[in-house]
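As the structure is a computational prediction, the values presented were derived from the model and not from experiment. Proteins get letters first, then strands, A, B, ... in listed order; numbering begins at 1 in each.
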Amino acid sequence: MRWSQAHIPTLRDDPSDAEAISHRLLVRGGFIRQLMAGSYSMLPLGVRVRAKVMGIIRDEIDAIGGQEFLLPELHPRDIWERTGRTETMADILLTVQDHRGTELVLGPTHEEIFTTVATELTSYRQLPQLWYHIQTKFRDEPRPRSGLLRVKEFTMKDSYTFDVDEAGLDQQFDNHYDAYRRIFSRLGMESIAVKASSGAMGGKESVESMVASPAGEDDVAHCSNCGYAANVEKATSRLDPIDDDEGPTSPVQFATPGVKTIRDLVEFDGGADANRQIKTLVYIVSELPVLVILRGDHDLIEQKLMDGTGSIDVRPAHGDEIRDLLGADAGSLGAVGVSGMRIVADHALAGRKNMTTGANVDGHHIRGVDVERDIDGIEWLDLRIVKSGEPCPECGEPLAVFRAIEVGHIFKLGTVHAAALGASVVGAAGKEVTLVMGSYGIGVERNMAACVEANHDDRGIVWPVSIAPYEVVVTVVKMDDDTLRAAADIYESLIASGLDVILDDRDARPGVKFTDAELIGIPYRVTVGPRGLAEGVVEVAERRTSEAIDVPVADVISHLMDSVVSQRPGI
RNA sequence: CGGGCUGUAGCGCAGCUUGGCAGCGCGCCUGCUUUGGGAGCAGGAGGUCGCCGGUUCAAAUCCGGCCAGCCCGACCA
């Protein structure tokens, strides 16, 4: 490609509506343009990167036995009703009507449709199967954000496995786990695999692949000592035991005028340290009130409440609901003496005595609470969010909690969808067996963005060779006939050698060409100018290191082939 | 869904308080000079001021409604 003919609209200024680094650089570099919130046009450079990302993914999934399909994006609604996901995914489901008024679903994922295809499997002898496609997904995200990181329409590689039993699923899951590690490594990112909550996908076990970045939307707890890693929605930590005094034989109520928060009560004369308080929250879980209690210095993470109660319909109660249920306002709530309501408690409260909590009387608290003695019918769950610095649950070293981008997610689904859609085979024993499924996703454009988050400097993007829009740019530094001809010759010979090259033959000053090449992140630049040509050399510069060396014109091909090809396959 | 901010030329912004010719920088076009790190000079093109309505002799500017984009939060009492 000759740059003079290419549509690469680079921008000198940061776009005003972009905050995340990947968003800014991809827009400035002319890779993408926004159409509306959560919707981006891919420009030619973006398309090239995207294609290479998909190529790496395809390569690795094929390598573990994947067969590529291509399933529709327009789905009949009734299939989604049969798995119940018109309900469970209602918030993000986009639908359209055809001219007959039939409701169609724009696929947010493809478990249902792949399973429908899988109903044609008849015998365990046909298993295992690993099917995948790379296809658009539509999700009505409540809040798209950060450029390509969260959008309403995106490309996903989603694979699905079908096995006769759990052992087969485990094997396919492990294969994907390994393949994903290789994919992210080839995309130039350091990923860590974390245990996760499987959310709306259902199923029992899932592992997310995370890449650390401040632009991410998840928090990960990670132990650099032993490698423990988990999404904070799942993470735990070891806590130092607290020795409590016995306290009184029964709780004692006392007046706490003006005390509304845990902190207020810490500072109140006669109050208690936060870790000797019981925090009481009221939630509505599947339309029923639930009292949630934690240690005063701990915070609830709602995902754990969802996972622990098995409900996806969880919200904090409103002020009036709280008053109706407990007879007091938030700030004076407690679980002591409450009956007829589900009470869930975080494990950190187990065995605790002489605690202080609200009295369910405005402006009053009670002290001397023995959790297990004074609160009836407790259901024990893991509910609190892990904080940075708490001891690792495996080895006790301090955990680090940091933001990360979820670049992939793999699930052991089990038989839910297969059962709902009647996908089964005849097993070895001659009896019908429901297919055991797994599903595995990678967001293509999100990985492009994550790669930029992980590979940039103050001059722009630093693509790894594996997915750079071009591997080499030949920059013509002075547009006279001799220089241009020499550069074009080098360009042609590099192309002939199988390199992915662009010739910057624009009638622009060299500074413009250098800054553009650096902004869009091309790994190698061959600078061709009269000064070097007089000596029979051109300059070869590496984007990542900024190192530049003079190379005799005759050696350019072999020099670049060595550098580029050694990096092409990734690690 | 709640809160905050923002909509003026392709991009970045000023003008709005106090109503009165729609501006600046970059980019773009033409010419000349220049050419190893975002050139200089001269000339030029380009705008429903987000949309609808109201007030007024007069609205980018004041008032009302709507739409769109960005950021934060998702009610931790």
Residue pair A:T136 / A:E153, side-chain donor-acceptor N/O under 3.5 Å
no
Can you give me the closest heavy-atom contact between A:L45 and A:P469, atom names plus distance?
CD2-CB, 3.7 Å
For each nucleotide in nucleotides 40-51 of chain B, reading 5' to 3', give B when a protein heavy atom comes within less than 4.0 Å of its base, S when such contact involves only the sugar-phosphate, and - otherwise.
------------
What interatomic distance, in whole Å, is found between C1' of B:rC57 and the corresponding atom of B:rG19?
12 Å
Would you tell me whether A:S22 and A:E453 have side-chain atoms, one donor and one acceptor, within less than 3.5 Å of each other?
yes
Indicate the ring-plane relationship of A:F254 and A:F268, choosing parallel, tilted or perpendicular according to the 30° and 60° boundaries.
tilted
In Watson-Crick or G-U wobble terms, with both distances under 3.5 Å, the base opposite B:rC49 is none
If a protein heavy atom is under 4.0 Å from the base, mark B; if only from the sugar-phosphate, S; if neither, -; do that for nucleotides 23-28 of chain B going 5' to 3'.
--BSS-
So, using side-chain contact (heavy atoms from CB on, under 4.5 Å) as the criterion, who are the partners of A:N354 when residues are at least two apart?
A:D245, A:P248
Watson-Crick or G-U wobble partner for B:rC75, using a 3.5 Å limit on both distances?
none
At 4.0 Å (heavy atoms only), tell me whether A:P15 reaches a base, stays on the sugar-phosphate, or touches nothing.
sugar-phosphate
Given the P atoms of B:rU6 and B:rA45, what is the spacing between them in whole Å?
34 Å
Tell me the partner of B:rC70, counting only Watson-Crick (N1-N3 plus N6-O4 or O6-N4) or G-U wobble (N1-O2 and O6-N3) with both under 3.5 Å; none if nothing fits.
B:rG4
Expressed in whole Å, how much space separates the C1' atoms belonging to B:rU17 and B:rC63?
16 Å
A:L484 CG - B:rU35 C1' separation (whole Å):
14 Å
Looking at B:rG31, which nucleotide sits across from it as a Watson-Crick or G-U wobble partner, both distances under 3.5 angstrom, or is there none?
B:rC41
Is any NZ, NE, NH1 or NH2 atom of the basic residue among A:D482 and A:R485 found under 4.0 Å from an Asp or Glu carboxylate oxygen of the other?
yes
Between CZ on residue A:R28 and OG1 on residue A:T10, distance to nearest 0.5 Å:
8.5 Å
Determine the interatomic distance between P on B:rU8 and the same-named atom on B:rC70; round to the nearest Å.
14 Å
Provide the distance between the two P atoms, one in B:rG20 and one in B:rG12, to the nearest whole Å.
26 Å
To the nearest Å, how far apart are A:R150 CZ and B:rG73 P?
13 Å
Please collect all salt bridge (charged side-chain N to carboxylate O under 4.0 Å, His left out) contacts where either partner lies in residues 355-366 of chain A, sequence neighbours excluded, each pair once.
A:R323-A:D362
Near RNA chain B, which residues from residues 501-540 of chain A have a heavy atom under 4.0 Å away?
A:R509, A:P510, A:G511, A:V512, A:F514, A:T515, A:D516, A:E518, A:R525, A:T527, A:G529, A:R531, A:G532, A:E539
Note: A:R384-A:E390 ion pair, threshold 4.0 Å (strictly below):
yes
Pairwise salt bridge (charged side-chain N to carboxylate O under 4.0 Å, His left out) hits with a residue in residues 264-276 of chain A, at least two apart:
A:D244-A:R276
Base paired to B:rG12 (Watson-Crick or G-U; both N/O distances under 3.5 angstrom)
B:rC24
Are there over 12 heavy-atom neighbours, none belonging to A:R263, within less than 6.0 Å of that residue's CZ?
no
Centroid-to-centroid, A:Y470 to A:W3, below 6.0 Å?
no
Going by the rule ring-ring contact (aromatic ring centres under 6.0 Å, His included), which residues pair with A:Y40 if we only count those two or more places apart in sequence or in a different chain?
A:H23
Spacing of the C1' atoms in B:rA60 and B:rA22 (rounded, Å):
8 Å
Enumerate the residue pairs fulfilling side-chain hydrogen bond (donor to acceptor under 3.5 Å, both in side chains) with a member in residues 287-300 of chain A, sequence neighbours excluded, ordered by first and then second residue.
A:K279-A:D299, A:R295-A:D297, A:R295-A:H298
Is there a Watson-Crick or G-U wobble partner for B:rA59 with both distances under 3.5 Å, and if so, which one is it?
none
Using nucleotides 75-77 of chain B, report all nitrogen or oxygen pairs with the protein that are shorter than 3.5 Å.
{"unit_1": "B:rC75", "atom_1": "OP1", "unit_2": "A:E302", "atom_2": "OE1", "d": "3.3"}
{"unit_1": "B:rC75", "atom_1": "OP1", "unit_2": "A:E302", "atom_2": "OE2", "d": "2.1"}
{"unit_1": "B:rC75", "atom_1": "OP2", "unit_2": "A:E302", "atom_2": "OE2", "d": "3.1"}
{"unit_1": "B:rC76", "atom_1": "O2", "unit_2": "A:L300", "atom_2": "N", "d": "3.0"}
{"unit_1": "B:rC76", "atom_1": "O2", "unit_2": "A:L300", "atom_2": "O", "d": "3.1"}
{"unit_1": "B:rC76", "atom_1": "N3", "unit_2": "A:L300", "atom_2": "O", "d": "2.8"}
{"unit_1": "B:rA77", "atom_1": "O3'", "unit_2": "A:K260", "atom_2": "O", "d": "2.4"}
{"unit_1": "B:rA77", "atom_1": "O2'", "unit_2": "A:A330", "atom_2": "O", "d": "3.0"}
{"unit_1": "B:rA77", "atom_1": "O2'", "unit_2": "A:G331", "atom_2": "N", "d": "3.1"}
{"unit_1": "B:rA77", "atom_1": "N6", "unit_2": "A:V282", "atom_2": "N", "d": "2.6"}
{"unit_1": "B:rA77", "atom_1": "N6", "unit_2": "A:V282", "atom_2": "O", "d": "2.5"}
{"unit_1": "B:rA77", "atom_1": "N1", "unit_2": "A:A317", "atom_2": "O", "d": "3.2"}

Which part of the nucleic acid, if any, lies within contact of A:R384, taking any heavy atom under 4.0 Å across all strands shown: a base, the sugar-phosphate backbone alone, or nothing?
nothing
Between A:T95 and A:R77, a side-chain donor and acceptor under 3.5 Å
no
What residue pairs, at least two apart or across chains, pass salt bridge (charged side-chain N to carboxylate O under 4.0 Å, His left out) with a residue in residues 536-558 of chain A?
A:D457-A:R543, A:R525-A:E539
Nucleotides 66-72 of chain B: protein proximity per nucleotide (B base, S sugar-phosphate only, - neither; heavy atom, under 4.0 Å)
---SSBB
Whole-Å P distance, B:rG7 and B:rC49:
15 Å
Looking only at atom C1', what distance separates B:rU61 and B:rC76, rounded to whole Å?
45 Å
Under 4.0 Å between a side-chain nitrogen and a carboxylate oxygen: does that hold for A:E208 and A:K234?
no
Do the side chains of A:R403 and A:D219 get close enough for a salt bridge, i.e. N-O under 4.0 angstrom?
yes
Going by atom types alone, do A:R12 and A:T515 pair a side-chain donor with an acceptor below 3.5 Å?
no
Under a plain distance cut-off of 3.5 Å, with no hydrogens placed, do A:R85 and A:T109 share a side-chain donor-acceptor pair?
no
Given atom CG of A:D91 and atom P of B:rA74, what is their separation to the nearest angstrom?
16 Å
Protein-nucleotides 5-7 of chain B N/O pairs under 3.5 Å:
none

